[in-house]
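Worksheet: the structure to be examined is printed underneath.
Predicted model only: the values in this text are computed from it and were never measured. Computed from heavy atoms alone, side chains included, the values below leave out hydrogens, waters and symmetry copies. Here is how names work: the chains are called A, B, and so on, in the same order as the sequence lines, proteins then strands, and each is numbered from 1.
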There are 2 protein chains.
Amino acid sequence: MNAETIPMDKNVEEMLRSHRLKRTSARIEILSLLLESSHTISYNDISEELGDNFDKSTVYRTLNSFEEKGIIHAVNDGSGGIKYAVTKQESEDAHVHFKCDSCEQTYCLPDTKIPRVHAPDGFIINRSSLLINGTCKYCS
Amino acid sequence: MNAETIPMDKNVEEMLRSHRLKRTSARIEILSLLLESSHTISYNDISEELGDNFDKSTVYRTLNSFEEKGIIHAVNDGSGGIKYAVTKQESEDAHVHFKCDSCEQTYCLPDTKIPRVHAPDGFIINRSSLLINGTCKYCS
DNA sequence: AATATAAATGCTACCAAATTGCATTAATAA
DNA sequence: TTATTAATGCAATTTGGTAGCATTTATATT
Ligand SMILES: [Mn+2]
Ligand SMILES: [Mn+2]
Ligand SMILES: [Zn+2]
Ligand SMILES: [Zn+2]
């Protein structure tokens with residue numbers, strides 16, 4: 001009775017319930033995708049994977065409500081579109097994101113924290129985001 | 001005979017000449033704007049400042065060729081559009097960018113270098129970009 | 001189980017940022 | 001001065017994302 005025997009759907013529906021989000025098929029399928037993915041995913045990734053089962057605006061609205069609830073976080077990797085990944089407890093503090101120049105995937109590095117820098121006098125720091133470009137471990 | 005007595009246009013035209021770019025009025029005006037600005041500027045900033053003297057595609061193409069030559073660098077501050085700033089010699093190594101939550105301007109911090117982080121095994125780092133959000137010194 | 005209600009969905013139309021093809025114009029070299 | 005080549009303007013197009021509104025669905029209540 002390890003974690004993998006727990007059906008994914010139960011996890012997903014429980015997550016939605018605990019955030020007071022109605023369990024619609026769009027939300028269940030999109031959140032499942034996000035949970036299964038090892039890297040950040042975009043609207044286009046979702047749309048390809050789900051084969052246009054849901055309207056564009058539904059997908060975007062779903063992503064936005066997940067983000068508002070803190071279930072996922074947005075990653076801007078300079079690709080022109082926003083990507084998302086589920087927010088795991090351990091990675092709540094600001095972590096680094098890594099974009100592979102070869103496979104174009106962007107990964108969360110939850111164990112790599114963003115170092116504090118000290119800005120010039122008068123500049124007050126609220127939050128920061130660090131994007132690293134390079135070659136990921138699957139491409140090197 | 002200090003630096004400020006040198007007419008800007010001479011600087012600009014010399015910069016263009018040294019990069020083998022034809023000295024067109026679009027390039028001269030756009031590069032002048034970039035050189036005068038204390039913060040990064042977007043296509044819209046340029047378009048407002050220049051009062052639609054130049055076509056959108058001309059402005060974008062101008063920015064792209066400046067970037068290719070290394071005269072300017074692009075900054076992605078999550079605002080939806082790309083911003084640019086001239087690349088000064090001293091700031092060639094990767095420096096931090098600062099986006100003010102109040103005035104919405106984004107600044108280069110040429111003296112604030114991006115700290116090296118060590119990525120997990122197998123990830124090879126090529127370059128990195130660090131964006132800080134907060135309150136700038138003119139707004140605090 | 002039937003129903004009420006509020007929220008989510010699917011359209012369609014729209015917006016903003018940026019790019020492209022192509023004919024015309026301007027900068028530079030000869 | 002002319003030839004060559006690059007830059008420009010224009011209109012159309014692409015891409016990522018949002019908004020209004022009628023319809024449908026999930027959930028709570030009876
Ligand atoms: Mn992440
Ligand atoms: Mn900069
Ligand atoms: Zn890779
Ligand atoms: Zn400010």
Side-chain angles (χ1 to χ4, degrees), chain A residues 9-10 12-32 40-69 71-84 99 104 106, chain B residues 9 12-33 40-69 71-84 99 104 106:
Chain A
D9 301 12
K10 274 281 180 284
V12 169
E13 297 200 24
E14 178 51 34
M15 286 178 73
L16 293 174
R17 220 169 59 85
S18 73
H19 285 96
R20 255 129 253 176
L21 288 170
K22 287 187 181 174
R23 282 147 280 169
T24 66
S25 59
R27 285 174 178 169
I28 292 168
E29 292 194 41
I30 292 171
L31 185 49
S32 297
T40 63
I41 64 181
S42 65
Y43 160 74
N44 283 311
D45 296 328
I46 292 169
S47 160
E48 281 168 28
E49 200 71 33
L50 267 46
D52 291 336
N53 272 332
F54 304 103
D55 187 76
K56 182 168 52 162
S57 56
T58 300
V59 175
Y60 277 114
R61 284 189 280 230
T62 298
L63 291 169
N64 286 336
S65 53
F66 287 172
E67 195 190 5
E68 277 164 28
K69 296 291 187 174
I71 299 173
I72 63 178
H73 60 279
V75 181
N76 187 331
D77 68 356
S79 64
I82 299 175
K83 296 180 181 174
Y84 294 92
K99 165 126 190 247
E104 302 262 274
T106 297
Chain B
D9 301 11
V12 169
E13 298 200 22
E14 179 49 34
M15 285 179 72
L16 293 175
R17 220 169 59 86
S18 73
H19 285 95
R20 254 129 253 177
L21 289 170
K22 287 187 181 174
R23 282 147 279 168
T24 66
S25 59
R27 285 174 177 167
I28 292 167
E29 291 193 41
I30 292 171
L31 185 50
S32 298
L33 259 187
T40 63
I41 64 181
S42 64
Y43 159 75
N44 283 312
D45 296 328
I46 292 169
S47 160
E48 281 167 28
E49 200 71 33
L50 266 45
D52 291 335
N53 272 334
F54 304 103
D55 187 76
K56 183 168 49 166
S57 56
T58 300
V59 175
Y60 279 114
R61 284 190 279 228
T62 298
L63 291 169
N64 285 336
S65 52
F66 287 172
E67 195 191 4
E68 278 164 26
K69 296 291 186 175
I71 299 173
I72 62 178
H73 60 278
V75 181
N76 187 332
D77 68 354
S79 65
I82 297 175
K83 296 180 179 173
Y84 294 91
K99 166 128 190 244
E104 301 263 273
T106 297

Using a cutoff of under 3.5 Å, can you pull out all pairs of nitrogen or oxygen atoms linking the protein to nucleotides 27-30 of chain C, with atom names and distances?
from   : atom 1 : to    : atom 2 : distance (Å)
C/dT28 : OP1    : B/R23 : N      : 2.9
C/dT28 : OP1    : B/R23 : NE     : 3.1
C/dT28 : OP1    : B/R23 : NH2    : 3.2

Value rounded to 0.5 Å, distance of CD1 in A/I46 from CD in A/E29: 11.0 Å
Pull out every protein N or O sitting under 3.5 Å from an N or O of nucleotides 22-25 of chain C, one pair per line with the distance.
none

Has the side chain of B/R27 got a donor or acceptor atom that lies under 3.5 Å from a matching backbone atom of B/K22? yes
To the nearest angstrom, the CZ-P distance between A/R20 and C/dA8 comes to 14 Å
Quick one: does A/T106's side chain have a donor or acceptor within less than 3.5 Å of a partner on A/T40's backbone? no
Dot-bracket pairing map - DNA chain C, Watson-Crick plus G-U, both contacts under 3.5 Å, | cross-strand: ||||||||||||||||||||||||||||||
Provide, to the nearest angstrom, the distance between the CD1 atom belonging to B/I28 and the C1' atom belonging to C/dA26. 12 Å
Rounded at 0.5 Å granularity, tell me how far CZ in A/R61 sits from CD1 in A/I30. 11.5 Å
For chain A, the stretch of DNA chain D it reaches, first to last nucleotide, under 4.0 Å of its heavy atoms: D/dG16 to D/dT27
Report the distance from atom CD1 of A/I28 to atom CD of A/E13, rounding to the nearest 0.5 Å. 4.0 Å
Qualifying side-chain hydrogen bond (donor to acceptor under 3.5 Å, both in side chains) pairs, either residue in residues 41-50 of chain B, two or more places apart: B/S42-B/D45, B/S47-B/D52
Mind running a 4.0 Å heavy-atom check of residues 41-56 of chain A against DNA chain C and sending the residues that fall below it, in number order? A/N53, A/F54, A/D55
Residue pair B/N76 / A/G78: nearest heavy atoms and the distance that separates them: ND2-CA, 3.5 Å
Where do A/L63 and A/I72 come nearest, in terms of heavy atoms and distance? O-CD1, 3.6 Å
Starting at CD of A/E67, measure out to CD1 of A/I82 and round the result to the nearest 0.5 Å. 7.5 Å
Round to a whole Å and report the spacing from CD1 of A/I82 to P of C/dA17. 14 Å
State, to 0.1 Å, how close B/E104 and B/K83 come at their nearest heavy-atom pair, and which atoms those are. O-NZ, 3.4 Å
Tell me the closest heavy-atom pair linking B/A26 and B/T62, and the distance in Å. CB-OG1, 4.5 Å
If you measure from CD1 on B/I71 to NE2 on B/H19, what distance do you get to the nearest 0.5 Å? 4.5 Å
When rounded to the nearest 0.5 angstrom, what is the spacing between CG in A/D55 and OH in A/Y60? 11.0 Å
For residues B/T24 and B/T58, determine if any side-chain heavy atom of one lies less than 4.5 Å from a side-chain heavy atom of the other. no
Where do A/D77 and A/S79 come nearest, in terms of heavy atoms and distance? OD1-OG, 2.6 Å
Write down the distance between NZ (A/K69) and C1' (C/dA7), rounded to a whole number of angstrom. 12 Å
